[in-house]
Structure formats: structure tokens, C-alpha cells
Amino acid sequence: MPARPTKSPASFGLDRLATPIGIALLVTDAAGTLRALDWADYEHRMRELLRLHYGVVELRDQPAPAAMRTALSDYFDGDLGQLSGIAWRIAGTPFQQKVWNALAQIPAGTTMSYGALAARIDMPKAIRAVGHANGSNPISVVLPCHRLIGADGSLVKYGGGLERKRWLLRHEGVAV
């Protein structure tokens, strides 16, 4: 029986960016598009999300585009509008992509409950599914999963830790 052809591993560049809340890991493709952003202390989780979304992934040290690094640095320095200029691409189920695209529409300085996001994507009963998709978001900060909060206004779950979530929200002017 002939061997089945194996799919080539996805190959991405990996860069590191110092921020006020830790080292950010920036994963980019050959076109310089952001594929993942996570924290160095959560690198294992990031690699697992990449594997789930792309299969076998090879990461090689490669600088992210200068414009991306500058936009992220400017965001952390207080220019909150810089995130919208970062090119990103995601893989995932159609539902996950719907949630992640909706995350990108939540303005800096605002929060939204999981239920409100579910309603925004015309799936008001999918609150738990929205939570699961949010937890699988591979592009932290740029796809602002930190802006989702509990229905009672409480800070709930953040893949990079609740202290980072609190910092990001305060940085954006949200009283938490």
C-alpha cells in the first residue's frame, strides 16, 4: 500500500516584544501577517492552539514586521488606536472565526459580556460556545478577548491571566 502524502508543516516566524505586562510572542506568516500573539509564560498554550488550528507547526526565530512591532509598542504606550492597523489572519472553525471577528469590533475602552457578544453574532443562546471560542483565540490583545467580562461585570477568565486582563482594561480606561 503506498504511503499517503503528508502535509507539510505550517512554517511561521516567532518574535518577542517586551511590554509592560511581560514578553509578547508574535507569530507571523511569510507575508508578515499576525497569526498568533500570546505571552512567553503561556508559550505552551500558544503552541497547542497553533497545532489545533494549523496542524504541525514549525516556528523559527524571525523578526515581526517593524510596523507591527511599532503599532504594538505604541498601543502599550497609550495610543490605543494602533491595534486596528495590524494585519491578522486566523484559522479555526467558522463559528470561532465569527466570534473572533466580532471581538475585533469591540472598541478600546469598552467591555461586553459573553451574552452580549453572542447576541451580536445573532446566536443569543450560544453564550458558552462564545466563551469557548474566546478561550481559543490565538491573537491576544489585537483580537481583544480581554474586553469580554461576566454578565455581572466581573472579570472572568483570560488566557494570559487575570492580572494581565485587569492591566489591559485599566490601560484602556475601563474602571475595574
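Scope of the values below: all heavy atoms of this structure, side chains included, with no hydrogens, waters or symmetry mates.
Across every non-hydrogen atom of Pro138 and Ile90, the tightest pair is CG-CG2, 4.4 Å. Between Gln82 and Ala71, the closest heavy-atom pair is CB-O, 3.3 Å. Of all heavy-atom pairs spanning Val142 and Pro144, the tightest one is O-CD, 3.2 Å. Looking at every heavy atom in both residues, Asn134 comes nearest to Val99 through N-CG1, 4.4 Å. Heavy atoms only, all atoms of each residue included: Ala108 and Leu80 are closest at CB-CB, 4.0 Å. Here the closest heavy-atom approach between residue Lys165 and residue Lys157 is recorded as NZ-O, 3.2 Å.
Arg120 contributes no side-chain N or O that, together with a main-chain N or O of Ala116, makes up a donor-acceptor pair within less than 3.5 Å. Under a 3.5 Å cut-off, the side chain of Thr33 and the backbone N or O of Asp29 do not form any donor-acceptor pair. The closest donor-acceptor contact from the side chain of Thr19 to the backbone of Ile21 lies under 3.5 Å.
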- request: Take Lys98 and Asp122, measure what salt bridge (charged side-chain N to carboxylate O under 4.0 Å, His left out) needs, and give me the verdict at the end.
  value: CA-CA 10 Å; Lys98 192 173 194 176; Asp122 297 322; 5.7 Å; no
task: Report the C-alpha separation of Arg60 and Ser11 in whole Å, then their side-chain angles, then the decisive distance to 0.1 Å, and conclude whether the side chain to side chain donor-acceptor pair (under 3.5 Å) test is met.
output: CA-CA 8 Å; Arg60 65 194 180 295; Ser11 182; 2.9 Å; yes
query: How far apart are the C-alpha atoms of Gln96 and His132, what are their side-chain angles, what is the distance that settles it, and do they pass the side chain to side chain donor-acceptor pair (under 3.5 Å) test?
result: CA-CA 9 Å; Gln96 287 173 325; His132 288 294; over 6 Å; no
query: Would Tyr158 and Arg166 count as a side chain to side chain donor-acceptor pair (under 3.5 Å) if you check the C-alpha gap in whole Å, the side-chain angles of each, and the deciding distance to 0.1 Å?
result: CA-CA 10 Å; Tyr158 179 64; Arg166 185 173 286 108; over 6 Å; no
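Here the NE2 atom belonging to His53 is positioned 9.5 Å from the CD atom belonging to Glu48, to the nearest 0.5 angstrom. The distance from the CZ atom of Phe76 to the CH2 atom of Trp167 is 6.0 Å, given to the nearest 0.5 Å. Atom CG in Asp61 sits 8.0 Å away from atom CG in Asp15 (nearest 0.5 Å). Here the straight-line distance linking atom NE2 of His146 with atom NE2 of His171 works out to 8.5 Å at 0.5 Å rounding. Remark: Leu17 CG to Ile23 CD1 distance equals 7.5 Å, nearest 0.5 Å.
With a 4.5 Å cut-off on side-chain heavy atoms, Leu50 and Leu59 count as touching. Looking at Leu25 and Tyr42, their side chains never come closer than 4.5 Å, going by heavy atoms from C-beta outward. Put simply, the side chain of Arg35 does not reach to within 4.5 Å of the side chain of Thr28, judged on heavy atoms. Contact annotation: the side chain of Trp88 approaches that of Leu143 to within less than 4.5 Å [non-hydrogen atoms, C-beta and beyond]. Between Leu169 and Thr111 the shortest side-chain heavy-atom distance falls below 4.5 Å. For the pair Pro9/Val57, no side-chain contact is recorded, criterion being any heavy-atom separation below 4.5 Å from C-beta on. Contact of the Val56 side chain with the Arg51 side chain is not registered, since no non-hydrogen atoms from C-beta on lie closer than 4.5 Å. The shortest distance between side-chain heavy atoms of Val130 and Phe95 falls below 4.5 Å.
One hydrophobic cluster holds both Leu117 and Leu168 under the rule that ILVMFWY side chains link at heavy-atom gaps under 4.5 Å. In the hydrophobic clustering of this structure, Trp100 groups with Val141; members are Ile, Leu, Val, Met, Phe, Trp, Tyr whose side-chain heavy atoms approach within less than 4.5 Å, directly or through other members. No path of Ile, Leu, Val, Met, Phe, Trp and Tyr side chains, each step under 4.5 Å between heavy atoms, connects Tyr54 with Leu49, placing them in separate hydrophobic clusters. Under a hydrophobic clustering in which Ile, Leu, Val, Met, Phe, Trp and Tyr are joined whenever their side-chain heavy atoms come within less than 4.5 Å, directly or via other members, Ile139 and Leu52 fall into different clusters.
Qualifying side chain to side chain donor-acceptor pair (under 3.5 Å) partners for Asp77, counting only residues two or more places apart in sequence or in other chains: none.
Not less than 6.0 angstrom separates the ring centroid of His44 from the ring centroid of Trp39.
For the pairing with Leu26, the side chain to side chain contact (heavy atoms under 4.5 Å, CB included) check across Leu14, Leu72, Ile86, Asp38 returns one residue only, Leu72. Of the residues listed (Leu103, Ile149, Leu148), the one engaging Met112 in a side chain to side chain contact (heavy atoms under 4.5 Å, CB included) is Leu148, and it is the only one.
For Arg128 and Tyr114, the side-chain atoms include no donor-acceptor pair closer than 3.5 Å.
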